Amino acid sequence: MNYLPLVNIKQGTKSVDRFSNGNTLPLTQLPFAMVGFAPQTKNFGSWFYHPDDRSLNGIRITHQPSPWISDYGAFLLTPQTGKIYDNIEKAWSSFRPEEAILTPNYLKVRFLRSQTDFELTPRQRSCKIKLNFPENRDAYLSVFPISGKSHYEIDEKNNCVKAYTTGHKGDIAKKFKEYIIIKFDCPIDVKKSKIMQNSFIHIALKEKKVNADISTSYLSFEQAKENMKQDCSIGFDDAKKDGEKIWEEYLSRIEIETDSEKQLKTFYSCMYRTGLFPHKAYEINSAGKKIHYCPFDGKIKDGVRYTDNGFWDTYRTEYPLLALIGRDEYAEILEGFIADYKDGGWLPRWPSIGERGCMPSSLLDAVIADAAVKEIISGDLLETGFRGMLKHANTESKNKDIGREGVKGYLKYGYVPKDKHKASVNLTLDAAYGDFCIAQVAKVLGHNEYVDEYMKRSKNYKNLFDAETGFMRGRKSDGSMDDNFDCFDWGGDYTEGSAWQSSFAVPHDLDGLAELYGSKEKLFEKLDELFATPPVYNVGGYGCEIHEMSEMAAADFGQCAISNQPSFHIPYIYAALGNKEKTEFWIKKLCEEAFSYEDDGFPGDEDNGSMSAWYILSTLGIYDICPGKNEYIRIQKLVKSAKILGKEI
């Protein structure tokens, strides 16, 4: 069976900043590759592509993991003929999106103004392109930076252009540069070419049918040249076939049988999404040694590194899926994340070339713990990760974007006090879960002296339970709770939700959570109430509506905001405590009504594969409700049959 034809890489792209149907990009990219490529249809910040647009600014060299994080090291490639424009706002062209070919391993668009066909096939750190200009016009390829300072130079002798950009946003990334080399198979007309440093280069080409290789590097032009040598020694058609082979192997790791075309296309479009992030951020030098740019000091370090991942989202589903279908990738990815602890002294929270600290908590804990109990990593690597976990569990960083926020209060009170920190409920519950994860890694490593201490700390979630309301609530330093409480208030003590979405985040001790309610049956009653309560909300601590509120309100799943990651495990609590029927009812309803392969196919942000992995696992009837435990919930699958790596499940 061929799987690539089932993939719609535009799934989830029909989004705007106020309402997300995925907030994705149509990335032509190899699995977990260092760089991706996407059409840019508008010049509107991070929302630079929409499937309904009929304009085309160019093809972007991109690493963007989310519009909320933005891009870095990005360039825009725009063919021009006739009058040549010096900025993106005027160089754009119309195109016919219905005629564009956008697949994981191949991209083809036609710029109607310049009457130029642009084809691209991706490699690990590079790409190969074809340009077909009209015979009766001068041919130019313009390169525009997206942000930061940029520099361009022409190597006439070798038909090459070299460029770099310093563009990155809001992160810790010292001396960052993305270097690119563009090598053409035809001469460059240097006299007709035009360079404006920090703005653009218009590369005049002496032929109309042009092939070019484009390589990238975070290290140097010399390394970009080496990356081109490694990636681009084969022709365009062979590279395209190789990309097809690579993607077919990844997609075929799970085989499903179903009579529903919608389900088949949705499943494999989601499978593609799970193979995009995180991105490799290491390179291989001429001696075959793996090396990487270190954002903490700007130096080159040995070993692998990965980036572009928010663990607050991905720990829940992306990594449990990789544990089933990609153990080798999982192991190397973790080696890369633990490299940040070696290089900079802290495990990452939301790396996007440098640390962004976008979301709260240190949930890489769960990714490491799950890999430990499933024997994906061990030895010195796990030991190093464990030391990093202990550090952020006990040491407050001077930088709010690094480590666990609120750890000092958590250690003192057994909870993060709400008068000291926002989102205190989520910070407390995540810290308790993180402590459980530390205990599990300690067990694997034989550090038994830590186990009892961190298992005791993992019960700290109980300090926030309010039996009167049946919710987790913020507590002040003096132990008191506010008199005025509204369970529909978002923000304040909660992250991207209200008490409804945040009060059940105790995946490591659901039996203990049930005891707080009085019994499993009482907890089931509360969950029934959650699903039966209309999706109303107050803007609360946010002070205005945020898109997650809008997306929850648009669906009919009560207060189960499947549009956002904190609700992912909620339907599975029933089955975890013995009631599979209710879990199966809600999972079937959510999968069938909230997901599709269409351009608007997600109920909310598809963050780095997390929402796609939720759909895949739910369709298979297998779910890891608590990463850090080597166990899965099994419910009725939604397909006739399924195989993982050739084995029937």
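For the numbers below, each heavy atom of this structure counts, side chains included, while hydrogens, waters and symmetry mates do not. Along the sequence shown, residues carry numbers from 1. Treat the numbers as computed from the prediction; the structure is a model and nothing was measured.
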Subject >> Minimal non-hydrogen separation, Ile587 against Ser618, with atom names >> reply: CG2-CB, 3.7 Å
Subject >> Parallel, tilted or perpendicular, as decided by the 30° and 60° cut-offs, for the rings of Phe337 and Phe311 >> reply: perpendicular
Original post:
Between Leu638, Thr619, Thr583, Ile635, which is the residue that forms a side-chain contact (heavy atoms from CB on, under 4.5 Å) with Lys588?
Top reply: Leu638
Original post:
What class does the angle between the rings of Tyr433 and Tyr315 fall in, given that below 30° is parallel, 30 to 60° is tilted and above 60° is perpendicular?
Top reply: tilted
Subject >> Residues Asp607, Thr314; criterion side chain to side chain contact (heavy atoms under 4.5 Å, CB included); working and verdict >> reply: CA-CA 7 Å; Asp607 290 304; Thr314 56; 5.8 Å; no
Original post:
How far apart are the C-alpha atoms of Lys418 and Asp493, what are their side-chain angles, what is the distance that settles it, and do they pass the salt bridge (charged side-chain N to carboxylate O under 4.0 Å, His left out) test?
Top reply: CA-CA 7 Å; Lys418 66 172 292 176; Asp493 297 338; 3.2 Å; yes
Original post:
What closest approach, in Å, do Ile438 and Leu390 show between heavy atoms, and which atom pair accounts for it?
Top reply: CG2-CD2, 3.9 Å
Original post:
At what distance, to the nearest 0.5 angstrom, does CG of Asp171 lie from OG1 of Thr307?
Top reply: 8.0 Å
Subject >> Contact check, side chains of Asp308 and Gln64, non-hydrogen atoms, under 4.5 Å >> reply: no
Original post:
Within the side chain of Arg316, is there an N or O that forms a donor-acceptor pair under 3.5 Å with the backbone of Phe568?
Top reply: no
**OP:** Anything under 30° is parallel, anything over 60° is perpendicular, the rest tilted; go ahead and classify Phe602 against Phe595.
**Re:** perpendicular
Original post:
Between Tyr494 and Asp489, does a side chain to side chain contact (heavy atoms under 4.5 Å, CB included) hold up when you go through it step by step?
Top reply: CA-CA 9 Å; Tyr494 309 102; Asp489 281 348; over 6 Å; no
Original post:
Looking only at side chains, do Asn608 and Ser610 share a donor and an acceptor under 3.5 Å apart?
Top reply: no
Original post:
Near Lys456 NZ, under 6.0 Å, is it more than 12 heavy atoms from other residues, nucleotides or ligands?
Top reply: no
**OP:** With the side chain counted from C-beta on, respond yes when Ile353 and His63 share a heavy-atom pair under 4.5 Å apart, and no when they do not.
**Re:** no
**OP:** Identify which one of Gln559, Glu548, Gln565 satisfies the side-chain hydrogen bond (donor to acceptor under 3.5 Å, both in side chains) criterion when paired with Gln501.
**Re:** Gln559
Original post:
So is Arg349 actually on top of Trp346's ring, under 6.0 Å and inside 45° of the axis?
Top reply: no
Subject >> Residues Ser550 and Glu545: side-chain donor-acceptor under 3.5 angstrom >> reply: yes
Original post:
When you check the side-chain N and O atoms of Asn460 and Tyr410, is any donor under 3.5 Å from an acceptor?
Top reply: yes
Original post:
Can you tell me if Ser519 uses its side chain to pair, donor with acceptor, with the backbone of Lys522 under 3.5 Å?
Top reply: yes
**OP:** For atom CZ of Phe585, decide whether the heavy atoms of other residues, nucleotides or ligands shown that lie under 6.0 angstrom number more than 12.
**Re:** yes
Original post:
For the residue pair Glu318 and Thr274, what are the closest heavy atoms and their distance?
Top reply: OE2-O, 2.8 Å
Original post:
Is NZ or CZ of Lys526 both nearer than 6.0 Å to the six-membered ring centre of Phe471 and within 45° of the ring axis?
Top reply: yes
**OP:** Indicate yes or no: at least one non-hydrogen side-chain atom of Asp365 is less than 4.5 angstrom from one of Arg404.
**Re:** yes
Original post:
Can you tell me how far the CG atom of Asp435 sits from the CG atom of Asn394, to the nearest 0.5 Å?
Top reply: 8.0 Å
Original post:
If you count the non-hydrogen atoms of other residues, nucleotides and ligands that lie under 6.0 Å from NZ in Lys14, is the total more than 12?
Top reply: no
Subject >> Reported CD1-to-CG distance for the pair Ile333 and Leu322, which is rounded to 0.5 angstrom >> reply: 5.5 Å
Original post:
Given side chains that start at C-beta, do those of Cys560 and Trp586 come closer than 4.5 Å, heavy atoms only?
Top reply: no
Original post:
If you round to the nearest 0.5 Å, how far is OH of Tyr461 from CE of Met472?
Top reply: 7.0 Å
Original post:
So does Lys422 have more than 12 non-hydrogen atoms from other groups sitting under 6.0 Å from NZ?
Top reply: no
Original post:
Which is it for Lys629 and Asp624 under the salt bridge (charged side-chain N to carboxylate O under 4.0 Å, His left out) test, yes or no, and what are the steps along the way?
Top reply: CA-CA 8 Å; Lys629 294 182 181 180; Asp624 187 346; over 6 Å; no
**OP:** Give a yes or no answer on whether the side chain of Thr533 reaches the backbone of Gly558 with a donor-acceptor pair at less than 3.5 Å.
**Re:** no
Original post:
What is the minimum heavy-atom distance between Ala505 and Leu429, and which atoms define it?
Top reply: O-CB, 3.8 Å
**OP:** Taking the side chain as every heavy atom from C-beta outward, state whether Tyr615 and Phe267 have any atom pair closer than 4.5 Å.
**Re:** yes
Original post:
Asp486 side chain to Phe488 main-chain N or O, any donor-acceptor pair under 3.5 Å?
Top reply: yes
**OP:** Compute both the distance and the angle, then confirm whether Arg473 meets the cation-pi test with Phe465: under 6.0 Å from the six-membered ring centre, within 45 degrees of the axis.
**Re:** no
Subject >> Heavy-atom neighbours of Asp556 CG exceed 12 at 6.0 Å >> reply: no
Original post:
For atom NZ of Lys169, is the number of surrounding heavy atoms from other residues, nucleotides or ligands below 6.0 Å larger than 12?
Top reply: no
Original post:
Would you say Ser458's side chain and Met455's backbone share a donor-acceptor pair under 3.5 angstrom?
Top reply: yes
Original post:
With His547, which of Trp68, Tyr542, Trp490, Phe19 fulfils ring pair (Phe, Tyr, Trp, His ring centres under 6.0 Å)?
Top reply: Trp68
Subject >> Over all atoms of both residues, closest heavy-atom pair of Pro360 and Leu427 >> reply: CB-CD2, 3.6 Å
Original post:
What orientation do Tyr319 and Tyr330 show, parallel under 30°, tilted 30 to 60°, or perpendicular over 60°?
Top reply: tilted
Original post:
Looking at Trp47, is Lys42 sitting on its ring face, NZ or CZ under 6.0 Å from the six-membered ring centre and within 45 degrees of the normal?
Top reply: no
Original post:
Have Glu606 and Thr24 got a donor and an acceptor in their side chains that come within less than 3.5 Å?
Top reply: no
Original post:
If you count the non-hydrogen atoms of other residues, nucleotides and ligands that lie under 6.0 Å from NZ in Lys637, is the total more than 12?
Top reply: yes
**OP:** Report yes or no: do His50 and Asp599 form a side-chain donor-acceptor pair below 3.5 Å?
**Re:** no
Original post:
When rounded to the nearest 0.5 angstrom, what is the spacing between OH in Tyr572 and CD in Glu584?
Top reply: 9.5 Å
**OP:** Starting from the C-alpha separation in whole Å, work towards a yes-or-no answer on side chain to side chain contact (heavy atoms under 4.5 Å, CB included) for Thr428 and Asn463.
**Re:** CA-CA 9 Å; Thr428 299; Asn463 295 329; 5.9 Å; no
Original post:
How about Gln440 and His508: does a side-chain donor come under 3.5 Å of a side-chain acceptor?
Top reply: no
Original post:
Would you say the side chains of Ser20 and Asp605 form a donor-acceptor pair under 3.5 Å?
Top reply: yes
**OP:** Return the minimal non-hydrogen interatomic distance between Leu523 and Phe504, and the atom names on each side.
**Re:** CD1-CE2, 3.9 Å
**OP:** Check the pair Asn564, Met611 against side chain to side chain contact (heavy atoms under 4.5 Å, CB included), reporting the backbone distance first and the verdict last.
**Re:** CA-CA 8 Å; Asn564 205 19; Met611 191 167 283; over 6 Å; no
Original post:
Out of curiosity, Leu530 CG to Trp500 CH2, how far, rounded to the nearest 0.5 Å?
Top reply: 5.5 Å
**OP:** Establish, from distance only, whether the side-chain atoms of Gln11 and Tyr272 form a donor-acceptor pair under 3.5 Å.
**Re:** no
Subject >> Residues, nucleotides or ligands: over 12 heavy atoms within 6.0 Å of Lys391 NZ >> reply: yes
